[in-house]
Amino acid sequence: MNAGVDYLQFADFIRAAAYRAGQMLNIHNIALDVGVSDDTAKRWLGMMEQSDIIFYLRPFSNNLLKQTVKAPKMYFFDTGLVAYLTKYSSPEILMNGAINGAILENYVVSEIMKSYSNRGLEAIFHYYRDKDSKEIDLVMESDGKLHPIEIKKTASPSPELTNAFKVLDKAELERGTGAVICMKQELSAIDRNTLIIPTWAL
């Protein structure tokens with residue numbers, strides 16, 4: 001196989017990965033889309049990770065939370081690159097696109113990750129999902145506490161969005177202040193333990 005074909009396949013591979021930004025990683029499905037082996041897909045993902053194109057969130061788990069999933073979630077550091085690769089030509093079209101929720105999650109997680117990196121801080125980040133479909137988009141560990149974050153494309157977040165936060169009460173570390181990051185324009189709160197943070201504030 002000549003270098004030109006390899007390059008085209010790799011470009012298609014990056015695009016296939018972009019369509020799965022903010023989602024649980026399934027290497028076989030990405031490989032299948034492009035027509036390469038799983039081993040090649042693993043190698044190319046490794047190249048993308050080493051080049052700081054992508055990063056992963058590992059699932060949060062401990063001895064008291066045994067029913068969590070095992071696969072990491074994949075994110076791109078540059079959400080603009082994701083929008084370009086998935087062929088969304090304007091913010092308006094992107095807002096109504098099929099993967100807008102995943103792209104919003106990618107943006108929020110990557111911006112928080114970069115803010116830690118830019119300040120030279122260690123980012124101890126996970127996500128939570130168990131076999132009962134309880135999910136927390138981002139779990140940030142800081143100063144011995146777990147801070148749950150839900151990311152939603154809504155301007156009117158409801159208290160029900162934070163129901164899954166309670167699973168962290170079974171963890172070995174204390175649950176700290178959580179947040180819903182969403183499209184609401186003002187900083188506010190759901191209750192004394194859960195902030196509502198506008199995406200523009202990141």
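Computed from heavy atoms alone, side chains included, the values below leave out hydrogens, waters and symmetry copies.
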Inset, instruction - Determine, stepwise, if the pair I197 / L187 fulfils side chain to side chain contact (heavy atoms under 4.5 Å, CB included). - result: CA-CA 5 Å; I197 301 176; L187 180 65; 3.9 Å; yes
Legend entry - L57/H126 under side chain to side chain contact (heavy atoms under 4.5 Å, CB included): CA gap, chis, key distance, verdict: CA-CA 5 Å; L57 286 190; H126 301 274; 5.9 Å; no
Inset, instruction - Check step by step if side chain to side chain contact (heavy atoms under 4.5 Å, CB included) holds for D33 and R20. - result: CA-CA 12 Å; D33 282 353; R20 292 169 172 82; 2.7 Å; yes
Legend entry - Criterion side chain to side chain contact (heavy atoms under 4.5 Å, CB included) on I103 and T86, from CA distance to verdict: CA-CA 10 Å; I103 290 182; T86 53; 4.2 Å; yes
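Side-chain contact between C182 and K184 is present, with at least one heavy-atom pair separated by less than 4.5 Å. Put simply, the side chain of P198 does not reach to within 4.5 Å of the side chain of Q185, judged on heavy atoms. Taking 4.5 Å as the limit, every side-chain heavy atom of F13 sits out of range of all side-chain heavy atoms of T40. Here the side chains of I124 and S142 are not in contact, with every heavy-atom distance at 4.5 Å or above. Residues V167 and I136 are in side-chain contact: their nearest non-hydrogen atoms beyond the backbone lie under 4.5 Å apart. Proximity of I181 to I112: side-chain heavy atoms (C-beta onward) are separated by under 4.5 Å at one or more points. Side-chain contact between K145 and L173: absent, with no pair of heavy atoms (C-beta onward) separated by less than 4.5 Å. With contacts defined as side-chain heavy-atom distances shorter than 4.5 Å, the pair I30/L25 qualifies.
Within a 6.0 Å radius of CG in D191, other residues, nucleotides and ligands contribute more than 12 heavy atoms. In R119, the CZ atom is crowded: over 12 heavy atoms of neighbouring residues, nucleotides or ligands sit closer than 6.0 Å. With a 6.0 Å radius and a threshold of 12 heavy atoms from other residues, nucleotides or ligands, K153 has its NZ atom above the threshold.
F76 and L81 make their closest contact through CD2-CD2, 4.1 Å (heavy atoms, listed as atom of the first residue, atom of the second, distance). Closest approach of V69 and Y127 over heavy atoms only: CG2-OH, 3.3 Å. Between Y56 and L45 the shortest heavy-atom distance is OH-CB, 3.6 Å. Considering every non-hydrogen atom in both P148 and G176, the closest pair reads CD-O, 4.0 Å. Of all heavy-atom pairs spanning P59 and A71, the tightest one is CD-O, 3.7 Å.
There is no path of hydrophobic side-chain contacts, each under 4.5 Å, that joins I190 to M183. Residues F77 and L121 are members of one and the same hydrophobic cluster, defined by side-chain heavy-atom contacts under 4.5 angstrom among Ile, Leu, Val, Met, Phe, Trp and Tyr. In the hydrophobic clustering of ILVMFWY residues, with side-chain heavy atoms under 4.5 Å counting as a link, Y107 and L161 come out apart. Under the 4.5 Å side-chain heavy-atom criterion for ILVMFWY residues, a single connected hydrophobic cluster contains both Y88 and Y84. Under the 4.5 Å side-chain heavy-atom criterion for Ile, Leu, Val, Met, Phe, Trp and Tyr, V34 and L32 are members of distinct hydrophobic clusters.
Considering CG of L168 and NE2 of H147, their distance stands at 11.0 Å, rounded to 0.5 Å. From R43, atom CZ reaches atom CD1 of I27 across 12.5 Å, with rounding to the nearest 0.5 Å. Going from atom CD of E141 over to atom CD of E122 covers 8.5 Å, rounded to the nearest 0.5 Å. The distance from the CG atom of L138 to the NZ atom of K73 is 9.0 Å, given to the nearest 0.5 Å. Atom CG of D52 and atom CG of D78 lie 11.5 Å apart (nearest 0.5 Å). Rounding to the nearest 0.5 angstrom, the gap separating the NZ atom in K134 from the OH atom in Y128 is 7.0 Å.
Between the side chains of E105 and Y75, at least one donor N or O sits under 3.5 Å from an acceptor N or O. Side chains of S158 and E160: a donor-acceptor N/O pair is present below 3.5 angstrom, by distance only.
Side-chain atoms of R15 come within 3.5 Å of backbone N or O of L85 as a donor-acceptor pair. Using a distance-only test at 3.5 Å, with no hydrogens or angles considered, a donor-acceptor pair links the side chain of T162 to the main chain of P159. Side-chain N or O atoms of E111 include none that pairs as donor or acceptor with a backbone N or O of V109 at under 3.5 Å. Using modelled atom types, one side-chain atom of D137 and one backbone atom of I151 make a donor-acceptor pair closer than 3.5 Å.
Considering Y116, F60, F55 in turn, Y116 is the only one that fulfils the ring pair (Phe, Tyr, Trp, His ring centres under 6.0 Å) rule with F125. Among the candidates L195, N193, T194, the single residue satisfying the side chain to side chain contact (heavy atoms under 4.5 Å, CB included) test with T177 is L195.
Residues satisfying the salt bridge (charged side-chain N to carboxylate O under 4.0 Å, His left out) test with K152, not counting sequence neighbours, are E150.
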